[in-house]
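First the structure, in the form of structure tokens, and then the observations on it.
What you see below is based on every heavy atom in this structure, not just the backbone, and it leaves out hydrogens, waters and symmetry mates. Order of listing sets the numbers, starting from 1, for every ligand and every atom in it.
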Amino acid sequence: MTHHPDSPLFPGAAQRQARDDALTRELAAAHDRVVAGPVTPRIDLAAFRDQLAAFDFQAPQDAARLLSWTIAQLEHGLVHITHPRYFGLFNPGPVAPSQWADRIAAVFNPQLATWTTSPAAVEIERHVIRAVARRAGLPADTVGHFTTGGAEANCTALICALTRAAPAFAAEGARAFAGAPVFYASRACHLAWLKIAHQSGIGRSAVRLVETDGAGRMDAAALAAAMAADAQAGCVPVMVVGTAGTTAAGMVDPLADCAALAQRAGAWFHVDAAWGGAAIASERLAPVLAGVELADSVTIDAHKWFATTMGCGMVLTPHAPVLSQAFEVTTGYMPSATRDVDPYVGSMQWSRRFLGLRLFLALAVAGWDGYAAHVEHAVGLAGVLRARLEARGWRIVNRSDLAVLCIEPPAGAADVRTIVGRVLASGRAWVSVATFEGRDVIRACITHGQATADDVGILIDALGAGASADR
Ligand SMILES: *Cc1c(COP(=O)(O)O)cnc(C)c1O
């Protein structure tokens with residue numbers, strides 16, 4: 001065996017193992033402190049910035065000290081999504097198997113651009129994608145891949161829609177269309193669509209934000225009217241987006257109506273189920289997504305309700321040839337014998353991390369039943385929160401079947417922004433301000449898989465304290 005000298009970047013085996021073990025113990029202790037402490041940051045930012053500025057990267061520093069310093073800064077300098085009282089945006093405390101997957105991927109560091117370089121990894125991902133597609137009721141020939149998140153998955157869908165609508169889009173971009181290409185999503189959709197329209201080259205004005213029905217869902221009649229008006233004006237409707245689980249309120253658009261209108265116009269039908277898609281795990285909740293099986297493409301984030309570590313989305317489509325047309329490229333330097341299974345010729349990324357292992361291990365460890373229990377627990381706890389708040393005179397203004405509540409304080413209480421500010425300052429829980437049908441609401445989502453009725457009780461106390469007008 002050759003002996004490599006120890007170096008800061010490549011420590012020797014013994015030193016490396018000691019550091020890894022110490023890091024494992026330090027991280028576990030930090031996590032215990034996080035869960036027992038405030039949800040919101042308690043960092044002295046001025047002191048932190050001074051320390052940061054002192055890193056001039058001249059003299060090498062001791063790794064052990066640096067790792068401890070880093071953990072301490074994150075322990076005090078983050079909103080803790082790993083805290084069970086983070087009732088927040090869809091950033092769950094990550095499930096353990098996904099963290100193990102990250103460790104494994106970091107050590108082997110496989111390159112998933114091509115099948116040839118990483119056949120085992122590519123096939124694990126394909127297996128998970130097929131299993132998720134089957135569970136969602138999509139056609140048997142559905143394909144797809146892992147993405148960095150929902151935004152990339154949604155962008156992939158738009159590029160596919162444009163490519164199918166006008167094959168010349170590949171060469172000519174938006175100029176390939178006889179009229180301006182436009183697409184439709186409800187005004188409660190995720191606003192990443194604006195950035196995606198910009199990036200795709202069709203421009204932000206191509207996004208038609210369709211009126212909602214007063215309950216936070218796309219108004220199908222308004223969609224039909226908007227599509228007719230655009231057709232009249234010579235625009236080209238390329239895609240209809242149904243959101244299955246809106247960000248603010250967990251509402252599901254009328255997917256079957258959206259699908260029918262898209263089909264009539266020859267447009268692509270995309271379902272953005274970035275968060276709500278995890279409902280496929282539960283036989284009881286899956287009917288909420290009825291109509292998803294009609295989609296030309298679907299976005300589901302593993303890093304949302306499936307609670308894998310951050311940066312793990314999926315895009316699924318039964319139109320494998322469109323995916324290939326949209327992302328194909330021929331190079332002299334990539335191993336090319338396996339083009340039909342090479343991720344880099346069917347997706348936006350080139351070099352890719354082994355993201356799919358996170359969901360593979362989590363699904364394998366817990367089974368669909370384990371995930372069914374996970375999502376049903378969240379929905380049940382949201383029901384507890386709803387009942388207890390209503391008993392105290394608070395109002396829940398959304399009617400979501402999923403685990404997010406839009407809350408209005410009782411008459412005479414402080415306003416929504418004041419209450420949320422006070423809850424965050426208390427550090428006892430994290431909630432946010434959202435807009436539902438044009439009004440400010442307190443948004444509380446059961447986000448952490450280990451949140452309990454006691455945690456909900458503490459949130460209610462914090463909301464009550466924040467609401468009292470006499471402070
Ligand atoms: C979170 C979310 C997105 C964006 O996904 P990222 O994973 O943050 O990129 C898009 N649509 C919906 C409905 C979402 O909930």
Side-chain angles (χ1 to χ4, degrees), residues 79 81 86-92 94 98 132 136 144-159 161 183-200 204 207 209-210 212 216-218 239-255 258 269-280 288-289 291-292 295 297-316 347-349 352-353 355-356 358-359 375 378 382 398 400-406 432 434-436 443-447:
V79 170
I81 67 174
Y86 173 77
F87 294 102
L89 302 166
F90 309 120
N91 307 308
S98 73
V132 170
H145 53 265
F146 283 88
T147 63
T148 52
E152 183 194 329
N154 284 349
C155 187
T156 302
L158 178 59
I159 303 293
F183 70 95
Y184 306 82
S186 97
R187 69 177 179 131
C189 76
H190 195 284
L191 291 181
W193 286 116
L194 296 173
K195 291 169 55 170
I196 290 165
H198 185 157
Q199 286 161 241
S200 73
R204 294 176 183 232
V207 187
L209 293 176
V210 178
T212 45
R217 291 175 301 236
M218 170 112 72
M239 180 171 75
V240 173
V241 177
T243 305
T246 58
T247 308
M251 303 308 298
V252 179
D253 288 340
L255 301 181
C258 293
F269 175 47
H270 178 70
V271 173
D272 181 3
W275 172 63
I280 60 171
V288 170
L289 303 173
V292 70
S297 57
V298 180
T299 290
I300 299 178
D301 270 350
H303 71 210
K304 293 220 174 132
W305 213 353
F306 282 107
T308 72
T309 47
M310 197 64 74
C312 194
M314 290 174 277
V315 63
L316 311 167
S347 67
M348 291 177 51
Q349 294 179 37
R352 24 182 347 119
R353 184 177 167 85
L355 299 174
R358 302 168 184 181
L359 188 57
V375 293
N398 65 327
S400 174
D401 295 313
L402 305 177
V404 57
L405 303 181
C406 294
S432 55
T435 308
F436 181 73
R443 179 185 175 288
C445 175
I446 308 298
T447 307

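- Using a 4.5 Å heavy-atom cutoff, the side chains of F87 and I446 are in contact.
- For H270 and W193, the distance between ring centers is under 6.0 angstrom.
- Legend: residues meeting side chain to side chain contact (heavy atoms under 4.5 Å, CB included) with T212, ordered by chain and number and at least two apart, are S186, R187, A188, E437.
- Contact between R204 and A197 at its shortest, heavy atoms only, is CA-CB, 4.1 Å.
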Full working for side-chain contact (heavy atoms from CB on, under 4.5 Å) between W305 and I300
CA-CA 9 Å; W305 213 353; I300 299 178; over 6 Å; no
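- When all heavy atoms of V240 and C258 are compared, the closest pair comes out as CG1-CB, 3.9 Å.
- Contact shell of ligand 1 (protein heavy atoms, cutoff 4.0 Å): F90, G149, G150, A151, N154, H190, G245, T247, D272, A274, D301, H303, K304.
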